[in-house]
Amino acid sequence: MPKREEIVEAAGREVTITNPDKVFFPDAGHTKLDLVRYYVAVADGALRGAGGRPMALKRFVNGAEGEFFFQKRAPENRPEWLRTVELSFPSGRTADEIVLDDAAGLAWIVNLGCIDLNPHPVRADDLDHPDELRVDLDPVPGIPWSQIRDVAMVAREALEAVGLVGWPKTSGSRGIHINVRIERRWTYPEVRRAALALARDVEARAPEIASSKWWKEERHGVFLDYNQNAKDRTVASVYSVRPTKDARVSMPLRWEDIPDVEPEDFTLVTVPDLYSERGDPGAGIDDAPGSLDALLDLSARHEREGQGDAPWPPTYAKQPGEPPR
DNA sequence: GTCCCTA
DNA sequence: TAGGGACAACGCCCG
DNA sequence: CGGGCG
Ligand SMILES: [Mn+2]
Ligand SMILES: [Mn+2]
């Protein structure tokens with residue numbers, strides 16, 4: 001019995017899917033081909049989040065329950081229509097990362113074993129100026145969904161206070177992400193400082209349930225992970241399927257729906273129908289890029305009041321003004 | 001998942 | 001030609 | 001050297 005292959009047509013191209021019947025989600029029974037068909041069905045929405053941006057590949061070649069590895073450098077053998085862009089690292093090393101433009105690219109990376117999409121917050125034509133600030137809400141173990149949702153609503157108020165509009169989504173795991181479309185006028189360190197100022201403001205508004213502290217030992221409730229805005233960090237983007245038993249999706253939400261939804265409502269099975277019947281709640285994200293001026297003013301105020309930079313993650317060189325790590 | 005080498 | 005092995009990120013700070 | 005953290 002030769003190994004079966006399936007040719008999938010997407011965006012006017014034919015993409016070969018090897019081992020289409022391989023079970024990627026044993027519990028739910030979804031195959032690799034199911035995953036490809038999912039992404040083709042929600043391609044416009046998924047590409048609004050991941051398209052046009054360099055991305056890291058997180059590969060689960062043995063399915064969601066298997067080991068994974070990251071791959072930054074695009075495979076040498078790739079279709080000529082697949083775009084890449086060269087990223088540079090502080091070490092001087094470089095990587096040609098994949099940039100998705102259409103559903104065919106989506107299908108092609110799923111064939112590699114990618115389950116979720118992990119784009120950088122920049123567009124391929126300007127790798128130094130993010131157009132997205134990411135508010136990453138990470139609950140510490142044991143925190144209920146109701147509290148995560150409450151912190152999200154506080155974050156919405158804090159964003160509104162500095163003239164910004166957030167676009168919320170379930171992370172597909174336990175948390176919430178709020179993406180903020182911004183003008184491409186600030187560098188990575190500036191966007192990170194803006195995210196830190198927002199995290200501190202949310203903690204000040206809701207000190208019982210929110211924390212901006214990097215050290216796990218000092219955290220409580222929901223941690224606002226400002227470091228996820230450092231250069232070279234990626235976040236699973238909208239409509240990404242996550243490697244959970246039930247194939248959960250990172251689902252864009254309308255703010256008014258947040259009180260009524262649970263993360264488990266959104267899966268590889270349920271989302272395509274929601275998408276075709278109710279449309280994409282994140283469709284307007286590109287309409288009005290915002291300014292970080294007010295949030296950076298808040299950061300400057302924090303600095304004057306004795307709250308300067310906060311710790312950076314491992315693998316980053318010590319920054320000027322950074323407290324002990 | 002794919003490539004490359006070897007038995 | 002079947003099968004095994006290699007390979008697929010970022011790479012610093014602190015005590 | 002192990003442990004920090006996504
Ligand atoms: Mn998170
Ligand atoms: Mn995080």
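Between A:D131 and A:R184 no salt bridge is recorded (no basic side-chain N to carboxylate O distance below 4.0 Å).
Nucleotides D:dG3 and C:dG11 are separated by 23 Å at their P atoms, to the nearest Å. The C1' atoms of D:dG6 and C:dG15 are separated by 23 Å, rounded to the nearest whole Å. For the P atoms, the distance from C:dC10 to D:dC5 is 22 Å, rounded to whole Å.
Side-chain nitrogen and oxygen atoms of A:K32 include at least one within less than 4.0 Å of the OP1 or OP2 phosphate oxygen of B:dG1. Regarding contacts with the backbone of C:dA9, every side-chain N or O of A:N118 stays at 4.0 angstrom or more from both OP1 and OP2.
Between A:I17 atom CD1 and B:dG1 atom C1' the separation is 12 Å, expressed in whole Å. Look at CH2 on A:W312: it is 18 Å from P on D:dC5, rounded to the nearest Å.
Among the nucleotides C:dC12, C:dC10, D:dG6, the one closest to the side chain of A:R325 is C:dC12. Side-chain proximity of A:W215 to B:dG1, D:dC5, B:dC3: nearest is D:dC5.
Taking the six-membered ring where the residue is Trp, A:F25 and A:H30 present perpendicular rings, their angle passing 60° and hence far from 30°.
Across all strands, A:D225 comes closer than 4.0 Å only to sugar-phosphate atoms, never to a base (heavy-atom distances).
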